[in-house]
There are 2 protein chains.
Amino acid sequence: MSSPQPAGQHTVRRHNSALVLNAIADPSGHSRAEIAARTGLTKATVSSLVDRMIGANLVVEGAAAVRPGPGRRGTALYLAPDGPHGLGVEIGVDYLATCLIDLTGEVRARWLQPVDNRSLSPARVLSRVAKAVKTALAEAERMGVRVGGMGVAVPGLVESATGILRVAPNLGWREVDVRGELRRRAGLDDIPVLVGNEANFAALAELWQGTGPRDFVHVSGEIGIGAGIVVDGGLFEGVYGFGGEIGHMMVDPRGPECACGSRGCLERVAGQEEILRQAGVLDDRVPEELVADLLDRLAKRDRKALAATRSAAKSLGVALSGVVNLLDLPTVVLGGTYARLAPWLWEPLRAELTQRVVSSEWSPVEVIASTLGAEAAVHGAAGSAVRAILADPDPYVTAVLA
Amino acid sequence: MSSPQPAGQHTVRRHNSALVLNAIADPSGHSRAEIAARTGLTKATVSSLVDRMIGANLVVEGAAAVRPGPGRRGTALYLAPDGPHGLGVEIGVDYLATCLIDLTGEVRARWLQPVDNRSLSPARVLSRVAKAVKTALAEAERMGVRVGGMGVAVPGLVESATGILRVAPNLGWREVDVRGELRRRAGLDDIPVLVGNEANFAALAELWQGTGPRDFVHVSGEIGIGAGIVVDGGLFEGVYGFGGEIGHMMVDPRGPECACGSRGCLERVAGQEEILRQAGVLDDRVPEELVADLLDRLAKRDRKALAATRSAAKSLGVALSGVVNLLDLPTVVLGGTYARLAPWLWEPLRAELTQRVVSSEWSPVEVIASTLGAEAAVHGAAGSAVRAILADPDPYVTAVLA
DNA sequence: CCTATAAGTTTGATGCCTAAACTTATAGCG
DNA sequence: CGCTATAAGTTTAGGCATCAAACTTATAGG
């Protein structure tokens with residue numbers, strides 16, 4: 001826990017810089033005068049802060065806005081498309097993804113390579129990752145943009161203070177210092193690196209996509225089941241960063257045994273693998289094909305597939321109603337494979353939630369499907385870097401101008 | 001959601017006032033120079049802020065500190081014992097409690113009246129409460145202290161934005177505007193009133209008591225089972241204020257039917273009533289006597305009592321491991337009746353948590369029993385008022401000095 | 001071309017903080 | 001007893017970010 005810091009004038013500027021930049025982030029483009037009106041600052045202050053941010057290449061002036069009536073036209077302000085970019089990396093179980101994202105959240109470059117990372121040692125995987133990072137950095141240099149930060153999504157428990165990956169069951173990793181290794185192997189001396197759980201980054205991607213809710217729990221089921229909790233527009237990580245573990249919440253004490261040693265864990269009962277097994281489509285094809293097969297059978301109203309999905313939805317509803325009761329969240333977002341299964345999950349899931357959530361009478365729980373595809377986590381990872389700048393631009397501005 | 005506010009010099013003073021006052025809150029008593037050193041502010045700034053707070057009667061100077069070596073002695077600063085007090089009210093199911101608390105958290109006056117509030121209409125209960133509030137305010141006037149705020153603990157779901165009690169099952173209340181009614185009936189025009197859930201206030205009392213953990217979940221089981229979640233020294237309330245509902249988390253899908261319509265809810269399976277029933281001590285005596293009987297039997301190693309308690313502990317462990325996995329909390333605090341049962345709950349509870357919490361290998365979950373008695377909730381309610389001032393003293397100071 | 005209106009800049013004042021000098025108070029020592 | 005070193009607390013001058021208000025620039029409409 002860092003001890004609280006005293007405030008001075010610089011604190012004021014820092015706060016107001018963030019306030020102004022977030023007003024500018026509106027893609028419709030506002031003038032300095034409009035920003036002043038909507039932030040409550042004076043035009044003079046806004047001008048002064050905007051000048052600094054233009055100098056640091058966070059903001060650009062656009063064309064004069066067309067506005068009816070008399071008076072001078074304001075110059076619209078936008079986030080600089082060639083401002084600092086965020087680099088996202090995802091170490092998946094069977095692929096490696098990277099992308100470059102600009103301040104507006106637009107993806108400017110992406111890479112995807114299928115690799116079976118389970119069969120490789122962490123050292124080999126990390127050297128591949130380092131190579132991918134170098135490729136992305138080279139591309140950023142070619143584009144003439146600065147990389148302001150980097151996010152790395154991993155399918156495991158990451159200790160937020162140290163960035164150490166404590167365990168990634170589906171990767172077979174334990175105690176890997178992902179941040180340190182990447183710093184060393186890819187030469188990232190001056191770029192902030194944030195390592196985090198894949199489900200959490202996916203939830204953040206959902207948050208930053210469009211104008212969705214600011215409070216929700218995002219569940220995604222691929223190999224495991226992960227949840228990302230977003231409260232008041234920020235990720236809830238927990239004290240050590242291990243928050244959002246929902247996979248081993250117990251749904252049935254007499255349920256099937258789980259690899260973790262307990263019985264009836266959500267992951268074991270409502271995970272992708274169990275749905276496929278119960279639907280009778282589990283064989284040695286790649287997951288993607290199996291899911292496609294399942295969706296096909298669901299569309300054809302296959303009895304076993306429907307029953308399997310319905311049963312999973314009910315278990316998911318039990319676990320999620322616990323989450324919602326505890327955290328009082330108005331929205332559940334289905335991500336990953338659950339997003340694709342959403343049409344069949346919806347009704348039983350909603351029924352469970354309505355019945356079990358104590359406050360549903362006053363604040364009904366909304367269930368929505370994510371519109372982001374499989375790349376949600378990389379986007380979230382890349383986005384975390386640019387969002388860090390948007391949320392607190394002044395240190396970046398000061399560093400650039402110095 | 002309130003839109004973000006611009007910062008100015010007043011924001012700086014406000015922030016630093018809180019910083020300084022929190023340093024002064026250390027009961028060992030520090031001089032201005034020490035406060036300056038530990039906050040990072042200059043002596044000049046600290047002097048200026050302290051002068052204002054002395055003027056507003058939040059801080060008093062004590063005797064000169066005895067310190068070895070040469071040099072002038074500093075004057076120790078303390079929270080003013082006669083500064084603003086907090087008024088706490090608890091509307092229990094079968095009692096009404098009030099208390100006055102000073103800035104240091106010391107209880108300066110307390111009242112308790114047994115009343116069966118279930119059998120009375122909300123209007124009648126509220127008029128009793130208003131009377132109790134008036135008594136407390138009169139006592140505060142007699143003591144010559146100002147009442148800076150008031151907290152009201154109720155056993156139900158309170159919407160934080162409006163202060164409306166949506167439902168209190170064990171009281172049989174629905175949609176009661178407790179804040180508005182009390183304001184009207186007790187004439188509290190200029191005193192801030194905060195209405196909240198009893199379990200949440202109990203958790204806050206635990207937080208403010210001594211130097212315990214800043215992140216924990218506090219479970220208390222009286223009639224229902226309530227949880228208060230404290231994260232980073234603040235209560236996690238959820239979007240609408242309905243957070244911390246743990247009583248209807250499902251522990252066994254084939255368990256006994258619950259009044260809520262589901263089966264195997266934690267409250268039904270591990271609540272005080274079920275423990276007493278399974279132990280064979282449930283009759284028409286008052287709850288206090290029944291619990292005493294149970295404790296007696298446990299001390300005498302009564303088989304049925306031990307089995308009942310153990311079974312409840314396991315169920316509690318299942319539910320709490322879900323909570324801890326989700327929120328990554330390092331500590332579970334047992335409150336209310338569970339605190340008294342703690343010696344018999346510990347072992348099975350810890351076993352469940354260790355087995356089920358995914359991150360327990362890196363951050364073992366600590367289980368502790370609350371040292372606060374049945375009055376935790378009133379203390380928390382009263383404390384919330386003084387803590388509001390301590391957390392942000394400047395508006396109060398400005399108002400008093402104006 | 002003049003007027004009204006609005007955007008954006010300049011200027012002076014205000015408030016809070018800092019640094020450094022200054023005053024006050026105390027122990028240790030000859 | 002008085003001198004010196006040391007530390008607490010106060011005073012003063014200066015910096016900095018904001019604000020209010022005056023000022024400059026730009027545009028529509030008559």
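So you know, we letter chains A, B, ... as the sequences are listed, proteins then strands, and number each from 1. Side chains included, hydrogens not; waters and symmetry mates left out as well; all remaining heavy atoms used.
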Between [N] and [X], is there an OP1 or OP2 to side-chain N/O distance shorter than 4.0 Å?
X     : N      : answer
B:N16 : C:dC17 : yes
B:T75 : D:dA8  : no
B:R73 : D:dA8  : no
A:S31 : C:dG8  : yes
B:S47 : D:dG9  : no

Report task. For A:G71 and for A:G40, locate the closest nucleotide of DNA chain D by heavy-atom distance; then report the residue assigned to the nucleotide nearer the 5' terminus. Result -> A:G40
[X] [atom1] - [N] [atom2] separation (whole Å):
X     : N      : atom1 : atom2 : result
B:R14 : C:dG15 : CZ    : P     : 18 Å
B:K43 : C:dT23 : NZ    : P     : 14 Å
B:H10 : C:dC17 : NE2   : P     : 12 Å
B:I35 : D:dT10 : CD1   : P     : 14 Å
B:L49 : C:dT18 : CG    : C1'   : 13 Å
B:E34 : D:dT6  : CD    : P     : 19 Å
A:R52 : D:dT18 : CZ    : P     : 9 Å
B:H15 : C:dG15 : NE2   : C1'   : 17 Å

Query raised in the report: Using a cut-off of 4.0 Å on non-hydrogen atoms, how would the nucleic acid contact of A:A44 be classed: base, sugar-phosphate, or nothing?
Result: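 Base: the residue A:A44, judged by heavy atoms under 4.0 Å, touches a nucleobase.
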Of the candidate nucleotides [options], which contains the atom at the shortest distance from the side chain of [X]?
X     : options                : value
A:V12 : D:dA17, D:dG9, C:dT9   : D:dA17
B:R72 : D:dA28, D:dT6, D:dA8   : D:dA8
A:R32 : C:dT9, D:dA8, D:dC19   : C:dT9
B:P70 : D:dA8, C:dC17, C:dA27  : C:dA27
A:T45 : D:dT24, D:dT18, C:dC17 : D:dT18

For [X] and [Y], which I'm curious about, is there any donor-acceptor pair between the side chains at under 3.5 Å?
X     : Y     : value
A:S48 : A:R13 : no
B:R32 : B:T75 : yes
A:T42 : A:T45 : yes

**Report entry** Residue closer to the 5' end of DNA chain C, A:A7 versus A:G74 (nearest nucleotide)
**Finding:**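 The residue closer to the strand's 5' end, by nearest nucleotide, is A:G74.
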Query raised in the report: Want to settle it: does A:Q9 or A:D51 sit nearer the 5' end of DNA chain C, counting the closest nucleotide to each?
Result: A:D51
To check you understand the geometry: which heavy-atom pair defines the closest contact between [X] and [Y], and what is its length?
X      : Y      : value
B:G62  : B:Y78  : CA-CE1, 3.7 Å
A:A385 : A:M150 : CB-N, 3.6 Å
A:G233 : A:L207 : O-CD2, 3.5 Å

